[in-house]
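Bear in mind that the values here come from a model prediction, so they are computed numbers and not experimental data.
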Amino acid sequence: MPLFQNYFRLSSKLWHVWLWAILLIALCVKTLLKPASHSVFPVFFHGGLHWWEDVCLYQHFEGLDYFRYSPLAAIFFSLFSFFGLTTGSLLWNLTSNALYLLGCHAFWKKIQGESGTDQKQKFFMICLFVALSGIWNSQCNITLAGLLLLALADLLDGKDMRGTLWLALALFLKITIAPVVLLVLFLRPIPLASRLAFWLGLGFLIPFLTRPPAVVMSQYQEWVNHLVSSQSTRWPGFRDGWYLWLVARQQLDFSLKDPEFWRIPAAGWYQQLQAFGGLVCAVICFWWKLRGMQPWEWLPRTMALGICWMMVLGPATEFPTYGLLAPFVGWALVIRKQPGSWKQLLHVASFLIVFMGWKELQAPFVRFLPIIQGSLPIGSTLFAIWLVQDSLQILKRSFSNDELVKTV
């Protein structure tokens, strides 16, 4: 009997592990049965093959989405391409999820404070649920999140060289994460800038070791051209501030039954809002550091605020991209303890991000409440407001403690 009691006690402490395991098993089964169904891995797979065949990575191939990643990323994806579509997809899913879990674990170790097993379970379940769509579609957003979290943990440990390596890999994987990286560099330009420049330079040169220089330079040129041209394209999958503006218009005028969600933001005020929002984020983060916040306080908030800007005003933000916010929402809900209305604001923001971003949950309300389709950017904006308020509380307590010490 004691043996069974110990078993059930251990199982209750590991139920989040069991759910992750069930998800991975289901993902592997889906991959074995239909490796190309509801998956972006075929884009990675063919991109890896095209690199070694000296085929332009960035042209359109029938039946595939555009390859939107760097030449170094293509070389990385080719490590899975060589195993074939099915086996390669299995290995990719296991690798990307392992990186995400390692990043979440490293982040948890740095921010857990006095939290116990129950809080850890809640944290990992939030990380799982918010990132679920990206995990199921085999996207690289969870890999990106894992790299950012590993970088954050290493930078907090003073391991700047390895921390900037993770940041460089994140940039080569998805250049749209650049605003978050630049925000971190803005607060610690020395010595991070030189170390990041070293890793970026090395990553730029590695492709020249694999293919003829002329071919590599051509791929780089096509990559830049693609990045520029993609700024003039948009698709209904976006869930950003401009999308929020369109559904807000639909809420005010119900005759707009099908707004052009893929229309490029042509309004000058929106570009100005993007730039102004980035400037405000930089000023806030600099103010946090200037007022003497400790690195373990301002660095997670800086990354979280930068990701909020990226979700609402940045480029290429889709529903699965919000998985980047998952660990920070989990941190806020599990670690930060606040009374009153600000706690309610956090709960509202988290509810919108964690639950109401799903189309299935929005469907019953869309007919009479179209703006519910903007739950993700609304939730991210509210979460950014909470981050600022939470920092004010920390600084207020720190100031009170300093005054108390002086008085004593």
- [ ] Please test W288 against S391 for side chain to side chain donor-acceptor pair (under 3.5 Å), starting from the C-alpha separation and ending with a verdict.
- [x] CA-CA 7 Å; W288 287 341; S391 67; 2.7 Å; yes
- [ ] Report yes or no: is the cationic atom of R239 (NZ for Lys, CZ for Arg) under 6.0 Å from the centre of the six-membered ring of Y243, at an angle within 45° of the ring normal?
- [x] yes
Got [X] and [Y] here, is their nearest side-chain heavy-atom distance under 4.5 Å?
X: W331; Y: R301; value: yes
X: K174; Y: N141; value: yes
X: F41; Y: L85; value: yes
X: P327; Y: Y100; value: yes
X: F204; Y: Y220; value: yes
X: I378; Y: L382; value: yes
X: L346; Y: D390; value: no
X: T31; Y: C28; value: no

Verify, without hydrogens or angle tests, whether [X] (side chain) and [Y] (backbone) share a donor-acceptor contact under 3.5 angstrom.
X: Q119; Y: V334; answer: no
X: K30; Y: H38; answer: yes
X: S350; Y: H347; answer: no
X: T317; Y: M310; answer: yes
X: Q219; Y: L57; answer: yes
X: Q250; Y: I371; answer: no
X: W199; Y: M161; answer: yes
X: S380; Y: P377; answer: no
X: R211; Y: P207; answer: no
X: T87; Y: G84; answer: no

Task: Ionic contact status for R188 with D160, cut-off 4.0 Å - done: yes
Are [X] and [Y] an aromatic pair by the rule of ring centers under 6.0 Å?
X: W223; Y: Y69; result: no
X: H50; Y: F67; result: no
X: W20; Y: F124; result: no
X: H226; Y: Y66; result: yes
X: F129; Y: F355; result: yes

[X] and [Y]: which non-hydrogen atoms are nearest, and at how many Å?
X: P42; Y: L64; value: CB-CD2, 3.9 Å
X: L352; Y: S375; value: CB-O, 3.6 Å
X: V247; Y: G374; value: CG2-N, 4.1 Å
X: Q362; Y: I372; value: NE2-O, 3.5 Å
X: V354; Y: V130; value: CG2-CG2, 3.6 Å
X: C285; Y: L183; value: SG-CD2, 3.8 Å

Open item on the list: Taking ring pair (Phe, Tyr, Trp, His ring centres under 6.0 Å) as the definition, give me every residue that meets it alongside F83, ordered by chain and number, with sequence neighbours left out.
Closed with: none
Task: Verdict with reasoning, L152 to V184, per side-chain contact (heavy atoms from CB on, under 4.5 Å) - done: CA-CA 10 Å; L152 191 153; V184 174; over 6 Å; no
Heavy atoms from other residues, nucleotides or ligands near [atom1] of [X] exceed 12 (cutoff 6.0 Å):
X: L209; atom1: CG; result: yes
X: F276; atom1: CZ; result: no
X: F286; atom1: CZ; result: no

Open item on the list: Show, in sequence, the C-alpha distance, side-chain angles and deciding distance for L23 and L132, and conclude whether the side-chain contact (heavy atoms from CB on, under 4.5 Å) test is met.
Closed with: CA-CA 9 Å; L23 170 64; L132 184 59; 3.6 Å; yes
- [ ] May I have the step-by-step check of side-chain contact (heavy atoms from CB on, under 4.5 Å) for L147 and L167, ending in yes or no?
- [x] CA-CA 7 Å; L147 293 172; L167 292 178; over 6 Å; no
Ring geometry between [Y] and [X] (parallel below 30°, tilted from 30 to 60°, perpendicular above 60°):
X: F80; Y: F76; answer: perpendicular
X: F328; Y: F107; answer: tilted
X: F319; Y: W358; answer: perpendicular
X: F383; Y: W386; answer: parallel

- [ ] Measure the spacing between CZ of F172 and CG of L72 and express it to the nearest 0.5 Å.
- [x] 5.5 Å
Task: Distance, nearest 0.5 Å, that separates CG of L299 from CG of L187 - done: 8.0 Å
TODO: Report the residues that fulfil side-chain hydrogen bond (donor to acceptor under 3.5 Å, both in side chains) with R195, sequence neighbours left out, ordered by chain and then residue number.
DONE: none
TODO: List in chain and number order the residues that pass side-chain hydrogen bond (donor to acceptor under 3.5 Å, both in side chains) with W92, two or more places apart in sequence or in another chain; answer none if no residue qualifies.
DONE: none
Task: Verdict with reasoning, V366 to Q373, per side-chain contact (heavy atoms from CB on, under 4.5 Å) - done: CA-CA 7 Å; V366 170; Q373 299 170 93; 3.9 Å; yes
- [ ] Under the ring pair (Phe, Tyr, Trp, His ring centres under 6.0 Å) rule, what do Y270 and W242 come out as? Steps first, then yes or no, please.
- [x] CA-CA 8 Å; Y270 187 71; W242 184 254; 5.2 Å; yes
